[in-house]
Number of protein chains: 2
Amino acid sequence: MFKKVLIAEDFQDTNKGIVDALETRLQIETIQEELYCDTAFNRFKLAYDKGEPFELLITDLSFKETHVKRRLTSGKELIDAVRGVDENCKVIVNSMIDDPGEINPLFTDQKINGYVCKGRYSLNELVNAIHEVYQNRTYVSPNLNLNAANAVHEMDKYDLMILKDLAEGYTKKEISARLKKQNISPNSESTIDKKVSRLFDEFGAKNTHHLIAKLIKQGKL
Amino acid sequence: MFKKVLIAEDFQDTNKGIVDALETRLQIETIQEELYCDTAFNRFKLAYDKGEPFELLITDLSFKETHVKRRLTSGKELIDAVRGVDENCKVIVNSMIDDPGEINPLFTDQKINGYVCKGRYSLNELVNAIHEVYQNRTYVSPNLNLNAANAVHEMDKYDLMILKDLAEGYTKKEISARLKKQNISPNSESTIDKKVSRLFDEFGAKNTHHLIAKLIKQGKL
DNA sequence: CAATCCCTTACAGATTTCCGTAAGGGATTG
DNA sequence: CAATCCCTTACGGAAATCTGTAAGGGATTG
């Protein structure tokens with residue numbers, strides 16, 4: 001079994017649950033937990049340089065923003081950074097996200113080894129995932145089937161992201177800037193304009209106020 | 001200290017972390033965890049009827065939907081149900097939500113005793129919260145200031161009327177015209193501007209999009 | 001290969017929002 | 001009565017929204 005495992009997860013209580021399970025059910029010797037992507041990466045790099053690398057990284061995808069400016073702010077970035085240091089380290093993602101469309105790229109692009117969808121029995125799942133990954137197999141939460149990734153939504157993930165930001169008071173200019181910073185494309189103000197305008201037609205809204213109100217009332221936001 | 005505590009939280013790993021903390025740091029004798037609102041309520045009711053009631057309920061607000069149809073699907077509903085059985089049981093909510101506008105009603109309407117915002121150090125907070133609540137005080141995560149929403153400045157009919165129109169996509173010019181036609185005063189565009197701006201401050205909204213979204217989510221629109 | 005479609009982007013103009021300043025009127029108070 | 005406060009209203013400027021036009025690129029098709 002793995003001897004050195006690093007956990008990045010910003011919910012302290014969740015974190016504690018994972019550590020406990022790993023200790024008691026897998027007898028892993030060294031378990032380090034970090035609450036921030038940055039510190040997690042630093043610890044990873046340090047251990048690698050010392051010649052005592054971590055063998056497995058368990059990370060969430062989303063980390064709450066803090067007042068402190070951080071270089072790494074998402075699990076995705078952390079994985080990229082880690083991959084840049086050590087190609088061979090196993091990675092298991094443990095997140096709430098259950099959209100196959102978002103998870104698939106993690107395997108194809110980020111080369112992760114396992115995905116556990118946070119939920120009622122995720123702790124058991126995580127233990128299974130670690131077993132599988134240790135034996136060089138991949139693991140995916142059984143309750144989500146990555147095959148049926150193409151459910152026809154009226155609003156795709158991109159639209160939803162924009163609408164959520166708008167509903168939180170961000171301007172299209174700010175949203176455009178954010179998308180650029182996160183290397184998400186398309187990201188021009190013009191395209192955002194177009195996307196939202198199309199939603200006006202689809203949902204029969206007069207303007208953004210109206211659209212936001214409708215979507216929230218429909219539970220889609 | 002409390003002797004019987006019930007935890008409702010659908011993330012098994014989070015759950016585990018809480019249980020662990022409660023056991024080791026508070027020496028609570030009986031800790032029951034449930035992953036569903038329904039089963040949590042059943043357990044609560046059963047214990048109450050037996051004359052061995054729970055003294056404290058710790059619950060999340062949102063629970064993932066499942067294929068199984070459930071009578072209770074949110075923490076709010078669970079709290080209501082519990083309150084219907086035992087008025088005296090303490091309730092602490094442990095959730096990701098950090099919008100004071102959503103949290104305040106929990107105290108005023110649901111009569112909860114504590115609120116802990118899930119985050120990096122929420123486990124420590126939860127322990128503090130339990131201490132406070134045990135001594136008949138209320139607890140609120142310090143990082144979110146309920147003051148912004150604490151002066152629950154009731155929106156009057158006039159504000160409500162304007163906001164509803166805005167949410168339906170009317171411009172302030174149109175609203176002003178309508179008010180004039182209906183002989184409702186004040187009715188100038190300028191006054192409408194001012195009224196809405198004041199609501200930005202009161203509800204901590206960045207702009208109209210934000211304000212509408214907040215109010216609808218709070219059920220005030 | 002050319003025609004076509006679709007998506008992204010830039011840009012421009014009209015409208016709307018947002019925010020500050022300021023004037024006027026009514027009510028209250030010392 | 002004067003001073004003050006609050007509410008309404010007008011106005012102006014900066015920023016944002018909304019809409020239309022147009023150019024360019026990639027993918028598809030015949």
Side-chain angles (χ1 to χ4, degrees), chain A residues 101-102 105 108-109 149-150 152-216 221, chain B residues 148 151 153-216 221:
Chain A
E102 285 191 66
T108 55
D109 303 343
N150 300 328
V152 182
H153 296 297
E154 343 187 24
M155 273 199 305
D156 61 20
K157 191 168 78 53
Y158 186 84
D159 292 333
L160 195 65
M161 188 165 48
I162 290 171
L163 262 296
K164 273 191 174 157
D165 278 1
L166 285 173
E168 285 188 16
Y170 296 102
T171 67
K172 287 168 182 171
K173 193 174 300 210
E174 289 171 326
I175 296 172
S176 166
R178 201 205 74 225
L179 292 175
K180 277 170 186 159
K181 203 185 339 188
Q182 297 181 357
N183 282 321
I184 298 175
S185 175
N187 53 39
S188 77
E189 217 179 316
S190 182
T191 298
I192 296 175
D193 260 8
K194 289 273 179 293
K195 296 269 186 199
V196 177
S197 283
R198 199 178 49 76
L199 293 178
F200 290 168
D201 297 339
E202 255 176 53
F203 289 91
K206 291 194 186 77
N207 53 33
T208 307
H209 299 159
H210 198 189
L211 180 63
I212 289 175
K214 280 199 171 199
L215 290 176
I216 293 179
L221 257 182
Chain B
H153 236 280
E154 272 307 306
M155 281 200 303
D156 59 23
K157 270 187 192 172
Y158 187 83
D159 291 334
L160 197 64
M161 190 165 46
I162 290 171
L163 262 296
K164 274 193 174 156
D165 278 0
L166 284 174
E168 285 187 17
Y170 295 102
T171 67
K172 288 168 183 171
K173 192 175 302 214
E174 289 171 326
I175 296 172
S176 167
R178 202 206 74 223
L179 292 175
K180 277 170 187 163
K181 203 191 287 183
Q182 298 180 0
N183 282 321
I184 299 175
S185 174
N187 53 39
S188 78
E189 214 181 318
S190 182
T191 298
I192 296 174
D193 255 12
K194 288 274 178 293
K195 296 272 187 197
V196 177
S197 282
R198 199 177 48 79
L199 293 178
F200 289 169
D201 297 339
E202 262 176 42
F203 288 91
K206 291 195 187 77
N207 53 34
T208 307
H209 299 160
H210 198 188
L211 181 63
I212 289 175
K214 280 199 171 199
L215 291 178
I216 294 179
L221 261 181

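Letters A, B, ... mirror the listed sequences (proteins, then strands); counts begin at 1.
- Across the protein-nucleic acid pair, B:Ile184 atom CD1 and D:dT8 atom C1' stand 16 Å apart, rounded to whole Å.
- When all heavy atoms of A:Ser176 and A:Glu189 are compared, the closest pair comes out as OG-N, 3.7 Å.
- Applying the 4.0 Å criterion to OP1 and OP2 of D:dT9, one finds that B:Thr191 has a side-chain N or O inside that range.
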Whether each nucleotide of nucleotides 11-18 of chain D has a protein heavy atom under 4.0 Å at its base (B), only at its sugar-phosphate (S) or at neither (-) is summarised, 5' to 3', as B----SSB
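- Straight-line distance from the CG atom of B:Leu179 to the P atom of D:dT8: 12 Å, rounded to whole Å.
- The cationic atom of B:Lys206 (NZ for Lys, CZ for Arg) lies less than 6.0 Å from the six-membered ring centre of A:Tyr170 and within 45° of the ring axis.
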- Task: Could you check B:Met161 against B:Ile175 for side-chain contact (heavy atoms from CB on, under 4.5 Å), going step by step and ending with a plain yes or no?
- Result: CA-CA 9 Å; B:Met161 190 165 46; B:Ile175 296 172; over 6 Å; no
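- Residue B:Tyr158 comes nearest to B:Ile192 through the heavy atom pair OH-CG1, 4.1 Å, listed as atom of the first residue, atom of the second, then distance.
- Using a cutoff of 4.0 Å between basic side-chain nitrogens and carboxylate oxygens, A:Glu168 and A:Lys164 are not scored as salt-bridged.
- Paired runs in DNA chain D that reach 3 or more consecutive Watson-Crick or G-U pairs, where each pair keeps both distances under 3.5 Å, cover C:1-30 with D:1-30.
- Taking each heavy atom of B:Ala213 and A:Ile212 in turn, the nearest pair found is CB-CG2, 4.1 Å.
- Under the side chain to side chain contact (heavy atoms under 4.5 Å, CB included) criterion, B:Ser190 pairs with B:Ser188, not counting sequence neighbours.
- For the pair B:Asp159 CG and D:dT8 P, the interatomic distance rounds to 10 Å; values are reported in whole Å.
- Taking atom CD1 of A:Ile162 as the reference point, atom C1' of C:dT8 lies 13 Å away to the nearest angstrom.
- A:Leu221 pairs in a side chain to side chain contact (heavy atoms under 4.5 Å, CB included) with only one of the listed residues (A:Leu211, A:Leu166, A:Ile216), which is A:Ile216.
- Computed from coordinates, the B:Ile212 CD1 to C:dT16 P distance equals 16 Å when rounded to whole Å.
- For D:dC7, the OP1/OP2 oxygens have no side-chain nitrogen or oxygen of B:Lys195 closer than 4.0 Å.
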